[in-house]
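Atoms considered below: every heavy atom in the structure, side chains included; atoms not considered: hydrogens, waters and symmetry mates. This is a predicted model, so every value here is computed, not measured. When a ligand or atom number is given, it counts from 1 through the structure's own listing order.
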Amino acid sequence: MAGYLSESDFVMVEEGFSTQDLLEELTLGASQATTGQVAAFFVADLGAVVRKHFCFLKYLPRVRPFYAVKCNSSPGVLKVLAELGLGFSCANKAEMEVVQHIGVPASKIIYANPCKQIAQIKYAAKQGIRLLSFDNEMELAKVVRSHPSAKMVLCIATDDSHSLSRLSLKFGVPLKSCRHLLENAKKSHMEVVGVSFHVGSGCPDPQAYAQSIADARLVFEMGTELGHRMHVLDLGGGFPGTEGAKVRFEEIASVINSALDLYFPEGCGVDILAELGRYYVTSAFTVAVSITAKKEVLLDQAGREEENGSTKTIMYHLDEGVYGIFNSVLFDNICPTPILQKKPCTEQPLYSSSLWGPVVDGCDCVAEGLWLPQLHVGDWLVFDNMGAYTMGTGSPPRETQACRITYAMSRVTWEALQGQLMPAERDEDTEDVCKPLSCGWEITDTLCMGPVFTPASIM
Ligand code: PLP
């Protein structure tokens with residue numbers, strides 16, 4: 001064990017005890033009637049994060065995972081991922097600080113933001129964080145002045161037009177401008193060591209990765225021709241975080257592996273990384289949110305027709321909304337559906353219902369068009385798959401993190417983690433009983449001084 005995570009960081013649960021069981025215990029103890037408590041709280045299954053990592057190593061064995069801190073910078077997540085040997089992708093000083101605070105060395109941090117504040121570039125330089133991304137001339141000039149020993153990764157644009165959340169609208173240089181930037185870097189004596197991209201989150205087409213890998217190969221050739229030591233390929237994020245995603249992780253992995261074999265075959269001397277956010281944490285987090293107020297509105301008053309025999313609609317007000325933990329409603333087009341703690345019996349009538357956040361603003365609507373049994377002020381609604389981008393991004397756990405997080409892990413997973421061995425997955429195609437968990441690598445050895453890409457060795 002590297003010592004990032006200890007038993008005091010989580011509740012140890014026995015096999016068979018689920019997140020749902022833990023939530024039930026916690027919601028019973030936090031009844032509004034007895035404590036007046038209304039603050040939402042999370043339960044995080046750290047074992048789910050460990051399993052995701054195991055799956056990643058199995059399906060993308062050539063790729064070294066970094067965790068995109070912006071996605072969820074809660075201490076339990078950072079500690080378990082550090083324990084598993086991941087590196088960290090940070091977008092700003094606050095994120096660098098939060099991972100350094102748990103003891104992650106500079107050698108395992110990349111500063112992956114193509115548009116950075118000068119003060120924060122200087123911070124990275126002082127801390128010895130050397131791998132930085134860029135996508136324009138101004139940025140290059142800033143890094144030349146403030147961090148001359150940096151190793152730069154050129155962020156290229158992707159066709160993310162079909163992705164739910166697009167990144168290339170803001171970041172990434174088109175292929176046709178890459179040579180110019182690489183030439184400028186050479187003239188400024190700034191080392192460019194590789195290429196990064198991001199296909200966007202909720203990308204429906206795995207071929208987007210293949211196309212970007214092919215583009216990256218062209219940029220590698222340009223860079224090598226100009227005398228840069230190109231040896232880092234960063235596949236970015238965009239990998240799905242839930243089982244129900246349109247495209248499965250395994251399918252994406254298979255497309256990536258084929259593209260890597262074609263454009264960056266084994267032995268070509270290129271270190272392949274990815275910066276995963278939602279993949280690791282989405283399904284690990286469940287949140288309980290309490291109903292703070294309730295209003296019944298007759299449908300004819302609301303200017304609506306009777307629906308499914310119901311004459312009224314019920315508006316439930318919650319203590320969290322789209323400006324807080326439900327921001328995925330705005331950014332990812334998600335309609336959160338609560339899991340009811342008490343299953344309604346078949347005779348119980350269901351009512352047209354909507355959920356609203358606490359901000360006095362008509363846009364703070366969490367969900368509409370739900371059919372729910374009669375609920376009451378003080379009842380807890382439970383939502384799963386709440387680990388990604390729910391707790392404020394771009395900063396350490398926010399001040400407003402009134403949302404308590406209870407971390408849990410099963411004893412079996414904890415013991416496996418201590419031995420750096422993972423028990424076999426439940427799926428049938430896993431032959432191995434145990435697999436090593438740790439990625440066991442350091443950026444200094446491989447990324448910054450790694451072997452050099454030689455185009456002749458490829459294809
Ligand atoms: N890398 C960069 C540069 C990003 O901006 C993001 C998300 O915005 C990620 C990685 C993580 O993306 P995802 O959560 O889709 O894996």
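For the residue pair Glu275 / His198, no side-chain donor-acceptor distance below 3.5 Å is found, with atom types taken as modelled. A donor atom on one side chain and an acceptor atom on the other are found under 3.5 Å apart for Tyr407 and Ser74.
The shortest heavy-atom distance from Gly238 to ligand 1 is under 4.0 Å. Residue contacts with ligand 1 leave out Phe171, since none of its heavy atoms falls under 4.0 Å from the ligand.
Checking only distances, Leu276 never comes within under 3.5 Å of ligand 1, N or O to N or O. Remark: ligand 1 and His198 share an N or O pair separated by less than 3.5 Å (distance only, no angle test). For ligand 1, the polar-atom distance check against Tyr279 finds no nitrogen or oxygen pair separated by under 3.5 Å.
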Checklist line | Steps toward side chain to side chain contact (heavy atoms under 4.5 Å, CB included) verdict (Arg248, Glu243) | finding: CA-CA 7 Å; Arg248 287 175 57 76; Glu243 281 299 311; 3.2 Å; yes
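Side-chain rings of Tyr209 and Phe239 approach one another, their centers coming within less than 6.0 Å. For Phe220 and Tyr263, the gap between ring centers reaches or exceeds 6.0 Å.
Atom numbering of ligand 1 starts at 1 in the shown order; those under 4.0 Å from a heavy atom of Ala68 are 9 (C), 10 (C), 11 (C). Close contacts between ligand 1 and Gly277 involve ligand atoms 11 (C), 13 (P), 14 (O), 16 (O) [criterion: under 4.0 Å to a heavy atom]. Those atoms of ligand 1 that come under 4.0 Å of a heavy atom in Leu167, given as number and element, are 4 (C), 5 (O), 8 (O). Near Tyr389, with a cut-off below 4.0 Å to any heavy atom, the atoms of ligand 1 are 7 (C), 8 (O), 11 (C), 12 (O), 13 (P), 14 (O).
Remark: minimum distance from atom 15 (O) of ligand 1 to any protein heavy atom is reached at Ser201 OG, 2.5 Å. The protein non-hydrogen atom at the shortest distance from atom 1 (N) of ligand 1 is Glu275 OE1, 2.9 Å. With hydrogens left out, the protein atom closest to atom 4 (C) of ligand 1 is Lys70 NZ, 3.1 Å, a heavy atom.
Salt bridge status for Lys186 with Glu183: absent, with no side-chain N to carboxylate O gap under 4.0 Å. Ion pair Arg217/Glu221 flagged as a salt bridge, since at least one NZ, NE, NH1 or NH2 atom sits closer than 4.0 Å to an Asp/Glu carboxylate oxygen.
Tyr59 and Phe249 have perpendicular rings, their planes meeting at more than 60° on a 0 to 90° scale where under 30° would count as parallel.
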